[in-house]
Amino acid sequence: MSTPINVPLTSDEIEMLVDALEVDLEGYLESAKEARGNGNREDVTTFTEAATRIQTLMGRLQGFVEE
């Protein structure tokens, strides 16, 4: 497991990170869909795992974003 790093960020900065992760997530989901259509199981697994990790991180960060 990685060592935690404390990085002071404002809620605006965290919101920007969440927005960027959202775009990245869409790309991975689309890539997984294309790989599934091409029958490339290895890429489906890789892209799906990346999307899941991004969703988890987004969930952790969204709690710090002001509504």
Side-chain angles (χ1 to χ4, degrees):
M1 179 163 191
S2 302
T3 304
I5 300 171
N6 294 320
V7 179
L9 298 169
T10 67
S11 59
D12 287 342
E13 291 168 328
I14 292 174
E15 188 172 1
M16 290 181 350
L17 289 173
V18 169
D19 289 344
L21 287 170
E22 200 169 67
V23 171
D24 202 28
L25 174 62
E26 290 173 12
Y28 277 108
L29 292 174
E30 184 62 32
S31 293
K33 182 179 174 182
E34 289 177 18
R36 194 172 293 113
N38 294 331
N40 190 336
R41 293 181 189 193
E42 187 175 314
D43 282 351
V44 171
T45 301
T46 300
F47 295 139
T48 302
E49 181 182 319
T52 301
R53 293 178 73 182
I54 290 169
Q55 286 175 319
T56 301
L57 179 55
M58 282 175 53
R60 291 180 62 197
L61 293 174
Q62 285 173 332
F64 297 103
V65 177
E66 295 176 4
E67 296 295 321

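All of these numbers come straight from a predicted model, not from anything done at the bench. The figures here come from the full heavy-atom set of this structure, side chains too, leaving out hydrogens, waters and symmetry mates.
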Throw together a table of side-chain donor-acceptor distances under 3.5 angstrom for residues 44-59, partners on residues two or more places apart or in other chains.
from  : atom 1 : to    : atom 2 : distance (Å)
Thr45 : OG1    : Arg41 : O      : 3.0
Thr46 : OG1    : Glu42 : O      : 3.0
Thr48 : OG1    : Val44 : O      : 2.7
Thr52 : OG1    : Thr48 : O      : 2.9
Thr56 : OG1    : Thr52 : O      : 3.0

Which atom pairs, donor and acceptor, lie under 3.5 Å between side-chain atoms of residues 14-32 and protein residues at least two apart or in another chain?
from  : atom 1 : to    : atom 2 : distance (Å)
Ser31 : OG     : Gly27 : O      : 3.0

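Of the inter-residue distances, the one linking Glu34 atom CD with Asp43 atom CG reads 10.5 Å to the nearest 0.5 angstrom.
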